[in-house]
Amino acid sequence: MARSPKTAAAAAHSLGKPLKRSFFARSVLEVAPDLIGATLLVDGVGGIIVEVEAYHHTEPAAHSFNGPTPRNLVMFGPAGFSYVYRSYGIHWCVNFVCEKAGSASAVLIRALEPTHGIPAMRRRRGLHDERSLCSGPGKLCEALGITIAHSGLPLDTPPIALHARVGKPEIVTGLRIGITKAVDLPWRYGLKDSKFLSKRF
DNA sequence: ATCGCGATCTGCT
DNA sequence: GCAGATCGCGATC
């Protein structure tokens, strides 16, 4: 039986109701901040989303900007599915597809605060302090075991589960990281004062 | 604390 | 060919 959270910290670790695919059928600029504080689990392993970035195909930093390719095809499909890509030939990065089919917009998940399955995450990542387990888009995919095999999967069906946040967190915004195009758009969102960010705002 | 580098996949020129 | 939505390591300040 779940008990009601007595502190802000406890609330931040509580699981809200499961998010359905329809949650993502909105502007990527609405979905991105609403994901801060939500919990992402893959096969029961994961944590609280503390950092995301929004990408829309009308701006050149998005993978979908130049139209569909074998890699980005799922971005052009319906909302509520995952888009996983290989970054720099080494890492995997996971996005949530938003808006309507053909909009080709997505939210990149950049950092989690680990809460579930921390031993499994440590095993996958090697010796690491908890703060470094999921503090970057490539890191969190390694910690959760996300690969290309998870691309195109629905976000409301096992092995993936998303739970709404409990309460309303303080959200900070800033410029997106690691890009050279459309660098002026403030489409990075984070949980204020989180110690699990990929980089300070 | 910051810098440079290697790893080597995907898509564009 | 080359740049890129990255990361971890070792060298250096």
Side-chain angles (χ1 to χ4, degrees), chain A residues 24 27-33 35-36 38 40 42 46-47 49-77 79 81-99 103-114 120-153 155 171-191 194-201:
Chain A
F24 299 93
S27 162
V28 72
L29 296 182
E30 293 175 31
V31 175
L35 282 170
I36 299 300
L40 167 64
V42 177
I49 297 171
V50 296
E51 181 184 342
V52 302
E53 285 176 355
Y55 287 88
H56 193 273
H57 87 274
T58 53
E59 45 93 8
H63 284 177
S64 49
F65 181 66
N66 291 310
T69 67
R71 177 174 74 158
N72 68 17
L73 193 57
V74 62
M75 279 189 83
F76 290 83
F81 288 78
S82 62
Y83 161 50
V84 179
Y85 70 92
R86 180 82 84 170
S87 177
Y88 292 91
I90 303 286
H91 310 286
W92 300 107
C93 295
V94 63
N95 296 252
F96 298 161
V97 177
C98 295
E99 303 191 3
S103 164
S105 65
V107 177
L108 170 68
I109 310 304
R110 286 195 56 91
L112 305 180
E113 174 178 343
M121 291 194 249
R122 280 194 206 284
R123 229 166 13 247
R124 289 167 175 153
R125 295 267 300 127
L127 297 173
H128 277 95
D129 63 291
E130 205 164 300
R131 288 175 48 151
S132 306
L133 281 179
C134 299
S135 59
K139 296 178 186 179
L140 75 89
C141 282
E142 183 173 39
L144 273 60
I146 295 173
T147 71
I148 191 63
H150 295 83
S151 199
L153 297 183
L155 298 173
I171 293 173
V172 290
T173 64
L175 301 179
R176 296 177 296 183
I177 290 179
I179 59 172
T180 58
K181 296 176 243 177
V183 293
D184 52 312
L185 298 173
W187 288 0
R188 178 178 178 229
Y189 302 86
L191 179 62
S194 171
K195 297 168 186 62
F196 299 90
L197 301 172
S198 68
K199 202 176 169 194
R200 290 245 215 285
F201 278 74

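Residue numbers start from 1 in every chain, and the chains themselves are labelled A, B, ... in the order their sequence lines are given, proteins ahead of strands. Side chains are part of it too, since the values below use all heavy atoms of this structure and drop only hydrogens, waters and symmetry mates.
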Apply salt bridge (charged side-chain N to carboxylate O under 4.0 Å, His left out) to A/Glu142 and A/Arg125, showing your working.
CA-CA 7 Å; A/Glu142 183 173 39; A/Arg125 295 267 300 127; 2.7 Å; yes
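Taking only side-chain atoms of A/Arg71, from C-beta outward, the nucleotide of B/dC12, B/dT10, C/dT6 with the closest atom is B/dT10. Residue A/Thr69 places its side chain closer to B/dC12 than to any other of B/dC12, C/dT6, C/dA5. Candidate nucleotides C/dC7, B/dG11, C/dA5 were compared by shortest atom distance to the side chain of A/Lys139, and C/dC7 ranks first. Each of C/dT6, B/dC12, C/dG8 was ranked by its minimum atom distance to the side chain of A/Arg125; first place goes to C/dG8. Comparing B/dA7, B/dG11, C/dG4 by their nearest atom to the side chain of A/Ile90 picks out B/dA7. Out of B/dT10, C/dA5, B/dA7, the shortest distance to the side chain of A/Arg86 is found at B/dT10.
Using P as the reference atom, B/dT13 and C/dA5 are 14 Å apart when rounded to the nearest Å. Remark: the separation of the C1' atoms in B/dT10 and C/dG8 is 22 Å, to the nearest Å.
Rounded to whole angstrom, the span from the CG atom of A/Leu140 across to the C1' atom of C/dG8 amounts to 16 Å. In this structure, the CZ atom of A/Phe65 is 16 Å from the C1' atom of C/dG4, given to the nearest Å. Atom-to-atom, CG of A/Asn72 to C1' of B/dC12 comes out at 12 Å; the value is rounded to the nearest Å. With rounding to whole Å, A/Asn95 atom CG is found 14 Å from C/dT6 atom C1'. Atom CG of A/Leu108 and atom P of C/dC7 are 10 Å apart (whole Å). Between the OH atom of A/Tyr55 and the C1' atom of C/dG4 there is a distance of 11 Å, rounded to whole Å. The CD1 atom of A/Ile177 sits 16 Å away from the P atom of C/dG4 (whole-angstrom rounding). Per the geometry, CD1 belonging to A/Ile146 stands 19 Å off P belonging to C/dA5, to the nearest Å.
Looking at A/Arg110, its side chain never comes within 3.5 Å of a backbone N or O of A/Leu197 through a donor-acceptor pair. At distances below 3.5 Å, at least one donor-acceptor pair connects side-chain atoms of A/Glu51 with backbone N or O atoms of A/Ser198. Side-chain atoms of A/Asn95 do not come within 3.5 Å of backbone N or O of A/Ala106 as any donor-acceptor pair.
Figure legend. C/dC13 is base-paired to no nucleotide; pairs are counted as Watson-Crick or G-U wobble with both atom distances under 3.5 Å. When both distances must be under 3.5 Å, the Watson-Crick or G-U wobble mate of C/dT6 is B/dA7.
Contact annotation: A/Ser87 side-chain N/O to C/dG4 OP1/OP2 distance is not under 4.0 Å.
Residue A/Thr180 is in sugar-phosphate contact alone, with no base atom involved, counting any heavy-atom pair closer than 4.0 Å across all strands shown.
If you find the closest nucleotide of DNA chain C to A/Ser132 and to A/Tyr85, the one lying nearer the 5' end belongs to A/Tyr85.
Taking OG1 from A/Thr173 and CG from A/Leu185, the interatomic distance works out to 11.5 Å, rounded to the nearest 0.5 Å.
For C/dA5, its base never sits under 3.5 Å from the side chain of A/Tyr88 at any donor and acceptor pair.
Relative orientation of the A/Phe76 and A/His57 rings is tilted, given thresholds of 30° and 60° on the angle between their planes.
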